[in-house]
Amino acid sequence: MADWSQLHPELLDFIAKKLQIYTDYVRFRAVCHNWRASVPKMPHRLPTQLPWLMLPQSQPHHTHRPFFNLSLNKFHFLHLPEASHRRRRRGSSHGWLLIVDEAPEIFLLNPLTRSKVHLPPLCTFPNVVRFNFADVGREYVLRTASGDVFTQSLKEMRDSFIKKTILSSSPSNGSDFVALVILNQTGDLAFCRKSDDSWTCLEGAQSYSEDVIYRRGLFYAVNKFGSIAVCDVSGSSPRVSIIEMPEQFGGDLQYLAESGEELLLVTRYLDLTYDFELDQTNMIYRTTRFQVCRLDWKSPNWEVVRSLDDRALFLGGNLSLSLSSVDFPGCKGNCIYYTDDYSEDNYDDSHGGEQDLGIFNLEDGSIEPLPCSNFRVRWPPPLWITPNPC
């Protein structure tokens with residue numbers, strides 16, 4: 001009988017390079033000492049992985065974060081003191097989280113490797129006039145586009161200044177990248193390159209703040225009505241051009257996603273209900289449906305898509321993602337996996353920790369809960385993140 005533990009290292013390395021799923025790679029190395037010693041601890045390159053759902057700590061002082069793996073239908077608990085409850089996540093992109101602290105600090109964090117990449121601090125945004133720790137409760141002075149000046153505290157800036165972050169590529173292995181953020185108060189888009197010491201606002205892209213993706217060397221940003229700002233930040237002077245589209249009406253949130261060769265616009269529709277209690281009224285938001293359109297570049301116009309075929313979309317505070325369900329067990333095609341990225345009020349314990357998460361079936365319009373729905377979700381809302389061990 002053959003002794004599988006004695007396979008030649010060259011053959012084991014050849015097999016390991018054929019593995020496409022990170023958990024398969026981990027299991028491969030776990031077979032025996034010889035297999036583990038023959039391949040690196042982390043794979044050199046993997047295709048985009050099925051996202052894990054990052055959930056909040058069960059207790060504020062805990063340093064481990066639960067991540068739900070759809071393929072395995074199980075939780076992974078990762079030691080992440082860097083993402084403590086005193087810090088805020090402002091998006092995930094290419095397997096990295098953007099973390100904002102009460103101090104001006106901003107950094108990218110890879111949950112699998114715990115690698116960190118520091119970005120220019122909050123006080124370096126162009127609309128921040130002054131920052132001073134000594135001005136307690138009004139440490140930041142900001143200026144609006146109209147010239148009005150107002151103050152914000154450390155906590156207010158941490159909690160509400162940045163809405164979402166998109167990276168042009170993974171910062172792994174010291175590679176060049178551009179980080180682009182959507183700002184909450186103004187709807188501005190601001191970016192920094194790897195070596196920058198401050199942030200730059202994109203002139204002409206204000207209000208294109210619903211969602212952003214990076215595609216073929218350019219950032220694409222969408223506004224409330226479906227028009228697109230194309231942002232080129234590759235040169236010394238950023239350039240913005242607008243693709244005017246027939247206005248889209250009726251939706252509440254817009255997302256952009258690249259699916260194969262197509263650029264998709266996904267519109268999310270919400271319903272508002274009221275929960276009346278003795279001393280207060282709580283507003284609870286619920287997703288009712290989605291509409292998917294593809295961009296006809298010739299018109300240009302958004303054309304309704306009736307089916308995603310085997311594709312699945314992952315939407316929320318993450319970089320919007322399209323994957324083939326055929327490649328990943330536990331993933332359903334023609335479905336949209338969504339999280340709540342619009343109403344932190346839904347996670348107020350005063351009305352039982354309501355949550356707006358689910359799987360929308362584009363064929364029949366049905367919504368089913370995520371497999372981890374029995375996990376009691378407290379603040380902050382869950383977030384999709386693609387595991388990136390490279």
Side-chain angles (χ1 to χ4, degrees), residues 90-91 93 125 127 144-146 159-166 180-191 201-215 218-232 238-259 262-273 283-297 299-305 313-322 336 338-346 356 360 362 381 383-384:
R90 287 296 174 253
S93 184
F125 279 87
N127 55 336
T144 66
S146 60
D159 291 349
S160 63
F161 186 69
I162 295 175
K163 173 184 173 183
K164 189 173 185 177
T165 310
I166 302 300
L180 186 143
V181 296
I182 303 172
L183 301 186
N184 258 325
Q185 288 107 328
T186 62
D188 282 311
L189 304 181
F191 74 94
C201 280
L202 284 168
E203 300 296 332
Q206 191 177 43
S207 82
Y208 288 82
S209 54
E210 286 286 295
D211 197 17
V212 178
I213 64 166
Y214 186 78
R215 181 178 187 266
L218 300 168
F219 285 99
Y220 289 78
V222 64
N223 70 4
K224 192 73 174 177
F225 304 107
S227 288
I228 301 293
V230 184
C231 310
D232 183 354
R239 293 178 296 169
V240 175
S241 58
I242 305 298
I243 304 177
E244 296 288 352
M245 310 287 284
E247 290 191 350
Q248 307 290 303
F249 293 105
D252 294 285
L253 299 168
Q254 307 281 17
Y255 302 88
L256 289 177
E258 184 177 23
S259 185
E262 305 282 9
L263 180 61
L264 302 181
L265 174 71
V266 185
T267 304
R268 184 172 183 170
Y269 294 80
L270 304 174
D271 183 40
L272 173 61
T273 59
M283 296 185 298
I284 303 174
Y285 293 87
R286 284 285 179 275
T287 296
T288 58
R289 66 185 180 96
F290 289 87
Q291 177 178 277
V292 181
C293 297
R294 59 173 290 273
L295 179 58
D296 178 357
W297 294 91
S299 303
N301 192 23
W302 292 113
E303 298 179 345
V304 175
V305 174
L313 299 179
F314 292 82
L315 306 180
N318 55 293
L319 167 66
S320 302
L321 188 64
S322 169
I336 298 173
Y338 64 91
T339 63
D340 181 349
D341 61 334
Y342 60 88
S343 177
E344 293 183 348
D345 290 341
N346 276 7
D356 189 16
F360 177 81
L362 198 61
L383 176 71
W384 294 116

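The basis for the numbers below is simple: all heavy atoms, side chains too, and nothing from hydrogens, waters or symmetry mates.
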J.: Using the side-chain hydrogen bond (donor to acceptor under 3.5 Å, both in side chains) criterion, which residues pair with Thr186? Sequence neighbours excluded.
T.: Asp188

J.: List in chain and number order the residues that pass side chain to side chain contact (heavy atoms under 4.5 Å, CB included) with Ser322, two or more places apart in sequence or in another chain; answer none if no residue qualifies.
T.: Ser259, Arg311, Leu313

J.: Once side-chain hydrogen bond (donor to acceptor under 3.5 Å, both in side chains) is applied, do any residues pair with Glu203, and if so which ones, sequence neighbours excluded?
T.: none

J.: Scan for salt bridge (Lys or Arg N to Asp or Glu O under 4.0 Å) pairs involving residues 238-247, sequence neighbours excluded, and state none if there are none.
T.: Asp232-Arg239

J.: In chain order, what residues pass the side chain to side chain contact (heavy atoms under 4.5 Å, CB included) check against Ser207, with sequence neighbours excluded?
T.: none

J.: What residues, two or more places apart in sequence or in another chain, satisfy side chain to side chain contact (heavy atoms under 4.5 Å, CB included) together with Thr288?
T.: Tyr269, Asp271

J.: Ignoring hydrogens and geometry, is there a side-chain-to-backbone donor-acceptor pair from Lys164 to Asn318 under 3.5 Å?
T.: yes

J.: Just to verify, what does Arg294 make a salt bridge (charged side-chain N to carboxylate O under 4.0 Å, His left out) with, not counting sequence neighbours?
T.: Glu262, Glu303

J.: Could you tell me which residues satisfy side chain to side chain contact (heavy atoms under 4.5 Å, CB included) with Pro300, sequence neighbours excluded, listed by chain and number?
T.: Ile243, Met245, Leu295

J.: State whether the side chain of Glu210 and the backbone N or O of Lys224 hold a donor-acceptor pair below 3.5 Å, judged by distance alone.
T.: no

J.: Please name all residues satisfying side-chain hydrogen bond (donor to acceptor under 3.5 Å, both in side chains) with Thr273, sequence neighbours left out, ordered by chain then number.
T.: none

J.: Give a yes-or-no answer on whether the side chains of Arg268 and Tyr255 include a donor-acceptor pair shorter than 3.5 Å.
T.: yes

J.: I'd like to check the side-chain hydrogen bond (donor to acceptor under 3.5 Å, both in side chains) partners of Tyr208; sequence neighbours left out, ordered by chain and number.
T.: none

J.: Can any side-chain N or O of Asp252 pair as donor or acceptor with the backbone N or O of Leu270 at less than 3.5 Å?
T.: yes

J.: Could you tell me whether a side-chain N or O of Trp302 sits under 3.5 Å from a main-chain N or O of Gly226, the two making a donor and an acceptor?
T.: yes

J.: Quick one: ring pair (Phe, Tyr, Trp, His ring centres under 6.0 Å) partners of Phe360, sequence neighbours excluded?
T.: Phe290

